[in-house]
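Below, all heavy atoms of this structure are taken into account, side chains as well, without hydrogens, waters or symmetry copies. Residue indices begin at 1 and follow the sequence shown.
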Amino acid sequence: MSTSANNTNGFSTHNGVKVKYPAGAGVTVLLGAQWGDEGKGKIIDFLIQHHKVDITARCQGGNNAGHTVIANGKKYDFHLLPSGMISERCDNVIGNGVVVNLEAFFSELDHNGITRDMPGWENRIKISNRAHLVLDVHKQVDGRQEDSLDTKSKIGTTNRGIGPTYSSKCFRNGLRIVDLLGDFDDFSKRYHSLVAHYKRQFPSIDIDEADELARLKEHAEKLRQLNLVADTAMFLDRMRKQGKNILIEGANGALLDIDF
C-alpha cells in the first residue's frame with residue numbers, strides 16, 4: 001500500500017489515488033458518487049490522520065452506514081459515530097440530517113472501548129438537538145414495507161428503520177432529540193400517537209411501548225448528564241468563522257439518494 005502524508009499543491013496520494021485537499025479550506029465535504037462502499041472511510045481516515053482536521057461531522061444517514069477503522073493497532077467499527085472519534089485532537093458532530101438510534105449510539109461507544117479507553121470522550125462529541133430519533137416502530141415498519149414489495153422492487157433495506165424515520169421526519173410526526181429532552185409527558189403522548197399511526201397501516205406491529213419509553217427516559221438522562229446535545233448548526237458555523245478545518249463525512253452513496 002502506498003500512502004503519502006505530503007500535501008503538495010493541495011494534493012495527497014493515498015493508495016496511488018490523488019486526493020484533493022485544498023490548504024486552508026474551512027469545510028471539506030466527502031461524499032460517495034456511486035452506490036456506497038466506494039472507500040469513503042479510507043479517505044476520511046487518511047485525512048484525519050495526516051491533515052489538520054479539527055472537526056469531523058456526520059451529515060446524513062444512520063447506523064446502517066459505517067466502516068472499520070484501524071488506528072494505533074486497534075480496530076474500531078463505526079456505524080453512527082464520526083470517524084474523528086479515533087483522534088483526540090478532533091471534535092465530532094452528529095448533525096441534524098442524521099437519524100439517531102440512541103441504543104446503537106451508546107452501544108457503539110461501549111463496543112469500541114471509547115467510554116473505557118478515552119477519558120473526556122464526552123467533551124469531543126455533540127449530537128444535534130434537531131436530529132430525529134429512530135424508534136422500534138420504525139424498524140418494524142422497515143421490514144414490513146420491504147416484505148410488501150415484489151422481488152423486482154425490493155431495495156435491500158437493512159431493517160434498521162432508517163427510511164421510515166426519514167418518512168416520519170418529512171411527515172412532521174417524527175420525534176427529535178430536543179423533544180426527548182423536553183417535557184416527557186408530552187413526548188410520551190406524541191410517541192404513542194406515532195406508534196398508533198403506523199399500527200393503522202401495519203396492524204401486525206407489536207411494540208412494548210412502556211418498555212421503550214422507559215429506555216428512552218434513561219437515554220435522556222444520560223444525554224443531559226454528559227452534556228452531549230447542542231445546536232450543532234450554530235456550533236459548526238461558529239467554528240468555521242474561527243478558521244477551524246471541518247470535514248463533513250457523508251454516508252451511503254449519491255445514487256441511493258431519493259433524487260438521484
(message) Closer than 3.5 angstrom, by distance alone: can the side chain of Arg160 be matched with the main-chain N or O of Asn63 as a donor-acceptor pair?
(response) yes
(message) Can you tell me how the ring of His138 sits relative to the ring of Tyr198, calling it parallel under 30°, perpendicular over 60° and tilted otherwise?
(response) perpendicular
(message) With side-chain hydrogen bond (donor to acceptor under 3.5 Å, both in side chains) as the test, pick out the partner of Ser83 among Lys40, Glu249, Arg58.
(response) Glu249
(request) Could you check if a side-chain atom of Leu175 sits within less than 4.5 angstrom of a side-chain atom of Leu216, using non-hydrogen atoms only? (result) no
(request) Could you tell me the separation between the OG atom of Ser107 and the CG atom of Asn101, rounded to the nearest 0.5 Å? (result) 9.0 Å
(message) Under 4.5 Å between side-chain heavy atoms, counting indirect links through other Ile/Leu/Val/Met/Phe/Trp/Tyr residues: same cluster for Leu213 and Leu223 or not?
(response) yes
(request) Taking all non-hydrogen atoms of both residues into account, name the closest pair between Val98 and Gly62 and its distance. (result) CG1-CA, 4.5 Å
(request) Kindly compute the distance separating CD1 (Ile246) from CG (Asp54), expressed to the nearest 0.5 Å. (result) 8.0 Å
(message) Looking at Lys189 and Asp186, is there a salt bridge between them, counting it only when a charged N and a carboxylate O are closer than 4.0 Å?
(response) no
(message) Less than 4.5 Å apart, side chain to side chain, heavy atoms only: is that true for Arg215 and Asp136?
(response) yes
(message) If hydrophobic clusters are built by linking Ile, Leu, Val, Met, Phe, Trp and Tyr wherever their side-chain heavy atoms come under 4.5 Å apart, do Val134 and Val178 end up in the same one?
(response) no
(message) Can a side-chain donor-acceptor contact be found between His192 and Glu209 if the only test is distance below 3.5 angstrom?
(response) yes
(message) A side-chain contact here means heavy atoms from C-beta on lying under 4.5 Å apart; do Leu247 and Asn245 qualify?
(response) no
(request) For the residue pair Phe105 and Ile94, establish whether any side-chain heavy-atom pair is separated by less than 4.5 Å. (result) yes
(message) So if I apply the side chain to side chain contact (heavy atoms under 4.5 Å, CB included) rule between Ile248 and each of Val29, Thr28, Thr56, which one comes out positive?
(response) Val29
(message) Working note: Arg130 + Asp231, criterion salt bridge (Lys or Arg N to Asp or Glu O under 4.0 Å); need CA distance, chi angles, decisive distance, verdict.
(response) CA-CA 8 Å; Arg130 292 181 174 89; Asp231 184 334; 3.4 Å; yes
(request) Test His219 against every option in Phe187, Phe184, Phe106 by the ring pair (Phe, Tyr, Trp, His ring centres under 6.0 Å) rule and name the one that passes. (result) Phe106
(request) Inspect the surroundings of CD in Glu221 and state if more than 12 heavy atoms from other residues, nucleotides or ligands are less than 6.0 Å away. (result) yes
(message) For the backbone of Ala251 and the side chain of Gln60, can you confirm whether one donor and one acceptor N or O come within less than 3.5 Å of each other?
(response) yes
(message) According to a hydrophobic-cluster definition based on side-chain heavy atoms being under 4.5 Å apart (Ile, Leu, Val, Met, Phe, Trp, Tyr only), do Phe171 and Leu133 belong together?
(response) no
(request) Decide whether Ile125 and Val229 are clustered together by the hydrophobic rule: side chain heavy atoms of Ile, Leu, Val, Met, Phe, Trp, Tyr closer than 4.5 Å, transitively. (result) yes
(request) Is it possible for you to say whether Ile127 and Leu80 belong to one hydrophobic cluster, with membership spreading through side-chain heavy-atom contacts below 4.5 Å? (result) yes
(request) Could you tell me the separation between the CZ atom of Phe78 and the CG atom of Asp45, rounded to the nearest 0.5 Å? (result) 8.5 Å
(message) Do Lys126 and Phe235 form a cation-pi contact, if we require the NZ or CZ to be under 6.0 Å from the six-membered ring centre and within 45 degrees of the ring's axis?
(response) no
(message) Show the nearest heavy-atom pair for residues Leu194 and Ser168, with the distance to one decimal.
(response) CD1-OG, 3.9 Å
(message) Quick one, Ile207 and Tyr191 - any side-chain contact, counting heavy atoms below 4.5 Å?
(response) yes
(message) Using a 3.5 Å distance criterion without hydrogens, assess whether the side chain of Asn92 forms a donor-acceptor pair with backbone atoms of Met85.
(response) yes
(message) So which atom in Cys90 and which in Gly84 form the shortest heavy-atom distance, rounded to 0.1 Å?
(response) CB-O, 3.4 Å
(message) Measuring from atom CE of Met239 to atom CE of Met234, what distance do you get when rounded to the nearest 0.5 angstrom?
(response) 11.0 Å
(message) Ignoring hydrogens, what is the shortest heavy-atom contact between Ala220 and Leu181? Give both atom names and the distance.
(response) O-CD2, 3.7 Å
(request) Mind checking the CG-OG spacing from Leu180 to Ser188? Nearest 0.5 Å is all I need. (result) 9.5 Å
(request) For the pair Arg176 (side chain) and Ser128 (backbone), establish whether a donor and an acceptor sit closer than 3.5 Å, ignoring hydrogens and angles. (result) no
(message) Side chains of Asn227 and Glu122, heavy atoms from C-beta outward: is any pair under 4.5 Å?
(response) no
(message) Using 0.5 Å steps for rounding, measure from the CG atom of Asn123 to the CG atom of Leu228.
(response) 9.0 Å
(message) Looking at every non-hydrogen atom in both residues, tell me the closest pair between Ile86 and Met118 and how far apart they are.
(response) CA-CE, 4.1 Å
(request) Identify the heavy atoms of Asn96 and Thr232 that sit nearest to each other, and give their distance. (result) N-OG1, 4.2 Å
(request) Compare all side-chain heavy atoms of Leu81 with those of Ile114 and state whether any distance is below 4.5 angstrom. (result) yes
(request) For the residue pair Thr165 and Leu135, establish whether any side-chain heavy-atom pair is separated by less than 4.5 Å. (result) no
(request) Evaluate the salt bridge (Lys or Arg N to Asp or Glu O under 4.0 Å) criterion for residues Arg240 and Asp237: first the C-alpha distance (whole Å), next the side-chain angles of each, then the deciding distance (0.1 Å), finally the verdict. (result) CA-CA 5 Å; Arg240 180 183 60 83; Asp237 185 57; 2.8 Å; yes
